[in-house]
Amino acid sequence: MKKIGENSIEFDKVYLKSTGVVAGPLEGKGPLSSYFDYIYEHEHCGCKNWEKAEMILLSDAIDYATTKAGLNKTDIDLYIGGDLNNQLAANNYVMRNIEVPFLGVYSACSTLTAGIIVGSTFLESGYGENIVTMTSSHNATSERQFRYPTEYGGQKPETMTFTISGAGATVLSKDKAIVKITKATIGKVIDLKQTDVQDMGRAMAPAAALTLKQHLLDFNILPNEYDLIVTGDLSKYGKNIFIKILRELNINVEKNYEDCGLMVYDKENNNVFAGGSGCGCSTLVTLGYLYNAIKTGKYHRILVIATGALHNPIMIAQKESIPCIAHAIVLERC
Amino acid sequence: MEKRIDEYKIIDNVLEKNKPKRNYVKNALKAFIVGGVVSLIAQGFLLIFVKIFSFDDSTSKSLMSVTMVVIASILTGFGIFDKIGQFSGAGTYIPITGFANSMTSSALESKSEGLVLGIMTNMFKLAGAVIVAGIVSASLSALIIYLVEIIG
């Protein structure tokens, strides 16, 4: 492992041994459903409240990931995870049942890549053989956390995103596997004074663009180095702005770029506004679809730039703007 | 640092040029039509209470409001109101139906936190603003009327 350029890391030996992906009902109706390990038929996942439902999603994802890696949950050296609830509730409450060291990370909807970067760094610095990273989000818990009650009848604008109900876990390992995590770029907090929390793609697009620019600069490569570049949850409007910003910065990604928020849902038949968002968004796409696409050889090298809006509802009420961040990781077939 | 400021200027420019357009005319028209329909239904109830049940005027008006609140609350409970609200916007949000929805949805949302600390504490979370605004403006207008009467 070594630092490259200003913000980047190159890993020597970090493999993505297995993933576990569990989704909610609406996500299960989308085009990527065949890549999920389990799909719950109801948003409640058989639980009494939304928070418990999110915990079930998360603990199931951990079960799938560890089982597929042929490991017991206690064989893992370290768990690293985060979600969108206050105090990372879903992760902390799930981890009380697994007696293994745990580190909570919060990076809003970019927690997936933040967790994988931290996990890979731990692994490379010699902390054990297997590390689990995980994230979860639930539409109803994050609506409660950041927006209005779920049944509230206010009108949402077209730019609004729809928080994904889903969770994913990875087993990062020193053992050789098909998918390898080779590079990462850690994002800076970028705040261009955007204040509309109903248009977060717009606020996050600059952070994603600057992380991509820094990544290309640090490794001295062009975007066509990658078969596919995905951003986390910029949604329909943010995606557009992302492309336009990059065009101004003389970076062309139009051929090999997609946004996870636009890949999860069946947008024709479900009203999800501008697309999916939340920790689960980049998680379901990356650990479900993209992981399998690399495994089967459809893609060889993918850059995942998960994007997060780091705002706090109280600070927004105090007329603050939305600080954003984007962390990038590279998945490679080897 | 200077390079970064230049980049910010370029990005700001792109953000400025790509502001989302909200269709105010279409939204206002939808709100007008749905709001009108809601009022029409309420008027229908008022007529029923006056003509068929022969209640006096003020009782009928109260009953009409209560009926609309009950209907909005039941629709909220069945998860239908938020879908109507998404279409109509201010059309269902401004009438008493919006008030009922804000209370019922808050109550439903906080049910898992218990009866007292959950439902009872949170019920007025959104509706509280309407009540405060109502009481303050009523007091102010009463004061103005009183002063005008004294002077007049």
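These numbers come from the heavy atoms of this one structure, side chains and all, not from hydrogens, waters or symmetry mates. Sequence lines set the chain letters: A, B, ... in the order given, protein chains first and strands last, and positions in each chain run from 1. This one's a predicted model, so the numbers in the text were calculated from it and none came from an experiment.
Contact annotation for A:F242: neither backbone nor side-chain heavy atoms come within less than 4.5 Å of a heavy atom of chain B. Interface remark: B:K83 contributes no atoms to any contact with chain A (heavy atom separation under 4.5 Å). A:A140 touches chain B through its backbone: at least one of N, CA, C or O sits under 4.5 Å from a heavy atom, while the side chain does not. Proximity to chain B (any heavy atom under 4.5 Å) is restricted, for A:K188, to the side chain, taken from C-beta onward. Heavy-atom distances place both the backbone and the side chain of A:K244 under 4.5 Å from chain B. Looking at B:L126, the atoms closer than 4.5 Å to chain A (heavy atoms on both sides) all sit in the side chain, from C-beta outward. Of the atoms belonging to A:D196, it is side-chain heavy atoms, and not backbone ones, that fall under 4.5 Å from chain B. In this structure, chain B has a heavy atom under 4.5 Å from the side chain of A:Q194, while its backbone stays farther away.
Of the listed residues (A:R144, A:E51, A:E143, A:R247), the one with the most heavy-atom contacts under 4.5 Å to chain B is A:R144. Ranked by non-hydrogen atom pairs under 4.5 Å with chain A, the options B:S106, B:S105, B:G85 are led by B:S105. Top candidate by heavy-atom pairs under 4.5 Å with chain A, chosen from B:K19, B:K125, B:K111, is B:K19. Residue with the most contacts toward chain A among B:N27, B:T92, B:T104, B:N13: B:N27 (heavy-atom pairs, distance under 4.5 Å).
Within a 6.0 Å radius of NZ in A:K213, more than 12 heavy atoms belonging to other residues, nucleotides or ligands are found. Within 6.0 Å of CD in A:E254 there are more than 12 heavy atoms belonging to other residues, nucleotides or ligands. Counted within 6.0 Å of OH on B:Y93, heavy atoms from surrounding residues, nucleotides or ligands total 12 or fewer; the atom is thus considered open. Residue A:N97 places its CG atom among more than 12 non-hydrogen atoms of other residues, nucleotides or ligands, all under 6.0 Å distant. Enclosure of atom CG in B:L140 by more than 12 non-hydrogen atoms of other residues, nucleotides or ligands within 6.0 angstrom is indicated. By the 6.0 Å contact criterion, CZ on A:F219 is enclosed, its count of non-hydrogen atoms from other residues, nucleotides or ligands being greater than 12. Atom NZ of B:K30 is surrounded by more than 12 heavy atoms from other residues, nucleotides or ligands within 6.0 Å. The 12-atom threshold is exceeded at NZ of A:K267, counting heavy atoms of other residues, nucleotides or ligands nearer than 6.0 Å.
In this structure, A:E151 contributes its side chain and B:L108 its backbone to no donor-acceptor pair below 3.5 Å. No donor-acceptor pair closer than 3.5 Å links the side chain of A:R202 to the backbone N or O of B:P20.
Expressed to the nearest 0.5 Å, how far CD1 of A:I243 lies from CG of B:N18 amounts to 11.0 Å. Distance check: A:T159 OG1 to B:K21 NZ gives 13.0 Å after rounding to the nearest 0.5 Å. Atoms CZ and CD, on B:R22 and A:E158 in that order, are 10.0 Å from each other to the nearest 0.5 Å. In this structure, the separation between NZ on A:K193 and CG on B:L15 is 13.0 Å, given to the nearest 0.5 Å. Interatomic distance, B:I10 CD1 to A:I245 CD1, rounded to the nearest 0.5 Å: 10.5 Å.
Residues A:Q155 and B:F87 come closest through the heavy atom pair NE2-O, 3.4 Å. Of all the heavy atoms in A:G153 and B:N101, the pair that sits closest is N-OD1, 2.7 Å.
Salt bridge annotation for A:E248-B:K9: absent, with no cationic side-chain nitrogen under 4.0 angstrom from a carboxylate oxygen.
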Where do A:W50 and B:S112 land on the side chain to side chain contact (heavy atoms under 4.5 Å, CB included) test, with the steps shown first?
CA-CA 9 Å; A:W50 304 120; B:S112 66; over 6 Å; no
Take B:Y8 and A:I190 through the side chain to side chain contact (heavy atoms under 4.5 Å, CB included) test and state the conclusion after the steps.
CA-CA 10 Å; B:Y8 281 8; A:I190 307 288; 3.6 Å; yes
Determine, step by step, whether A:L210 and B:I11 satisfy the side chain to side chain contact (heavy atoms under 4.5 Å, CB included) criterion, reporting the C-alpha distance in whole Å, the side-chain angles of both residues, the deciding distance to 0.1 Å, and the verdict.
CA-CA 10 Å; A:L210 290 173; B:I11 295 172; 4.0 Å; yes
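Side-chain N/O atoms of B:E109 and A:T150 include a donor and acceptor closer than 3.5 Å.
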